[in-house]
Amino acid sequence: MIIASTPRTVLRRFVEADAAPLAAVFGDAEVMRFGDGPQSEAWILAWLRERLAEYACQEYGIWAVVLQGTERPIGYCGLTRLADINGRAEIELGYRLAKEHWGRGLATEAARAVRDLAFGRLGIPRLISLIDPGNARSARVAEKLGMVHTDDVLLPGYTHPDRVYSCTPNGG
């Protein structure tokens, strides 16, 4: 099921067959440097099954990013509900692409489509992105979407705070 499309990408629901191509994202140490490190095939399959289960019970989720005219995912982009970020429930716009697709504006393009879907059809009043302070690439994507660094948050199990970038349909 196609969720959105851009000039160069399509965002669609994941399917179980996407597990193998996701190894280029979740299995790459550099891609996962600001996450939990490289993940195993079993972890990737469990992550994918969680996304599939979410599709059945909510209107939004994490979607596969594929290049126009292809079916193979190059990463993901989507929305996740977070119950407590500094005392309030938030919707996070998250994104991650395989390293070979960095530096081409694809993450920004996909994230812009998700932002517009969130503020438009879904009527979400505010979005955030949680970004490691060392992750300048992700911060640039957030800033291109009109997000600004508004706060920091120390998540359970982490040793340093993440930056909270946020935006509303009216900016800021």
Side-chain angles (χ1 to χ4, degrees), residues 3 11 13-16 18-65 73-102 106-108 110-111 114-115 117-118 122 124-168 172:
I3 305 303
L11 286 98
R13 287 184 172 187
F14 279 108
V15 296
E16 279 203 35
D18 292 331
L22 286 175
V25 177
F26 292 117
D28 185 305
E30 191 172 354
V31 173
M32 295 300 290
R33 176 177 169 213
F34 297 109
D36 294 330
Q39 300 298 322
S40 68
E41 289 179 28
W43 184 96
I44 293 167
L45 189 55
W47 181 90
L48 188 58
R49 287 181 175 151
E50 285 176 25
R51 305 297 72 80
L52 299 177
E54 288 170 352
Y55 298 151
C57 60
Q58 61 189 30
E59 195 172 2
Y60 56 82
I62 302 292
W63 300 298
V65 177
I74 63 167
Y76 70 81
C77 186
L79 304 169
T80 304
R81 184 181 187 284
L82 304 173
D84 182 8
I85 300 299
N86 292 334
R88 83 188 259 184
E90 298 278 11
I91 305 295
E92 181 187 25
L93 193 165
Y95 39 86
R96 184 169 276 155
L97 297 183
K99 183 172 45 184
E100 69 183 272
H101 299 286
W102 290 1
L106 294 168
T108 301
V114 171
R115 179 205 61 194
L117 173 73
L122 298 176
I124 294 171
R126 172 179 148 102
L127 293 174
I128 68 164
S129 286
L130 302 179
I131 301 174
D132 185 288
N135 193 343
R137 287 178 180 273
S138 282
R140 278 195 301 277
V141 170
E143 290 163 356
K144 289 177 185 176
L145 298 176
M147 293 182 145
V148 294
H149 175 206
T150 53
D151 206 356
D152 293 323
V153 63
L154 182 61
L155 298 171
Y158 283 75
T159 58
H160 66 275
D162 278 341
R163 291 186 174 151
V164 180
Y165 285 76
S166 67
C167 65
T168 63

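Throughout, numbering of the chain's residues begins at 1 and tracks the sequence.
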Asks: Measure across V25 and G75 and return the closest heavy-atom pair with its distance rounded to 0.1 Å.
Replies: CG2-CA, 3.8 Å

Asks: If you look at every heavy atom in V114 and C77, which pair is closest and at what distance?
Replies: CG2-SG, 3.7 Å

Asks: Kindly compute the distance separating CZ (R33) from CG (D132), expressed to the nearest 0.5 Å.
Replies: 8.0 Å

Asks: Below 4.5 Å, heavy atoms only, C-beta onward: do P21 and I74 meet side chain to side chain?
Replies: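 Side chain of P21 against side chain of I74, heavy atoms only: no contact under 4.5 Å found.
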
Asks: Less than 4.5 Å apart, side chain to side chain, heavy atoms only: is that true for R137 and F34?
Replies: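 When only atoms from C-beta onward are counted, F34 and R137 do not touch, as no gap falls below 4.5 Å.
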
Asks: Does a sphere of radius 6.0 Å around CD in E41 hold more than 12 heavy atoms from other residues, nucleotides or ligands, not counting ones at 6.0 Å or beyond?
Replies: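 No, CD of E41 has 12 or fewer neighbouring heavy atoms, counting only those of other groups under 6.0 Å.
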
Asks: Which residues pass the ring pair (Phe, Tyr, Trp, His ring centres under 6.0 Å) test with F26, not counting sequence neighbours?
Replies: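 F26: ring pair (Phe, Tyr, Trp, His ring centres under 6.0 Å) contacts with W43, W47, Y76.
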
Asks: Could you tell me which non-hydrogen atom of P161 sits nearest to which non-hydrogen atom of D152, and how far apart they are?
Replies: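 So the two residues come closest at CB-CB, 4.2 Å.
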
Asks: Just verifying a value: how many Å separate D84 CG and L155 CG, rounded to the nearest 0.5 Å?
Replies: 9.5 Å

Asks: Could you state the interatomic distance from CD (E90) to CZ (R81), rounded to the nearest 0.5 Å?
Replies: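 E90 atom CD to R81 atom CZ measures 10.0 Å (nearest 0.5 Å).
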
Asks: Over all heavy atoms of both residues, which pair between L48 and D18 is shortest? Give the atoms and the distance, please.
Replies: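 Heavy atoms of L48 and D18 come nearest at CD2-C, 4.1 Å.
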
Asks: Which heavy-atom pair separates I131 from A142 by the least distance, and what is that distance?
Replies: CD1-CB, 3.8 Å

Asks: Which distance, rounded to the nearest 0.5 Å, do you find between the CG of L11 and the OH of Y95?
Replies: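 The OH atom of Y95 is 14.0 Å from CG of L11, to the nearest 0.5 Å.
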
Asks: Rounded to the nearest 0.5 Å, what separation is found between the CD1 atom of I124 and the CG atom of L79?
Replies: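 I124 atom CD1 to L79 atom CG measures 5.0 Å (nearest 0.5 Å).
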
Asks: Any side-chain heavy atom of I91 within less than 4.5 Å of one from L82?
Replies: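 I91 does not reach L82 side chain to side chain.
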
Asks: Find out whether L45 and E16 are in side-chain contact, i.e. whether some heavy atom of one side chain is under 4.5 Å from a heavy atom of the other.
Replies: yes

Asks: Please tell me if the side chains of E143 and H149 come closer than 4.5 Å, counting only heavy atoms from C-beta onward.
Replies: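 A side-chain contact under 4.5 Å is absent here.
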
Asks: Under 3.5 Å, side chain of Y55 to main-chain N/O of I62, donor-acceptor pair present?
Replies: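 Pair found, side chain donor or acceptor close to backbone of I62.
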
Asks: Using atom types as modelled and distance alone, determine if a side-chain donor or acceptor of R115 lies under 3.5 Å from a backbone N or O of L145.
Replies: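 Here the side-chain-to-backbone pair exists.
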
Asks: Can you tell me if Q58 uses its side chain to pair, donor with acceptor, with the backbone of A56 under 3.5 Å?
Replies: no

Asks: Heavy atoms, side chains only, cut-off 4.5 Å: are Y165 and L93 in contact?
Replies: no

Asks: Can you tell me how far the CE atom of M147 sits from the OG1 atom of T168, to the nearest 0.5 Å?
Replies: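 Rounded to the nearest 0.5 Å, the CE-OG1 separation comes to 10.0 Å.
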
Asks: Do P133 and D162 have side-chain heavy atoms sitting under 4.5 Å apart?
Replies: yes

Asks: Taking all non-hydrogen atoms of both residues into account, name the closest pair between P38 and M32 and its distance.
Replies: N-CB, 3.8 Å

Asks: Quick one: does Y158's side chain have a donor or acceptor within less than 3.5 Å of a partner on V153's backbone?
Replies: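 No: the side chain of Y158 does not pair with the backbone of V153.
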
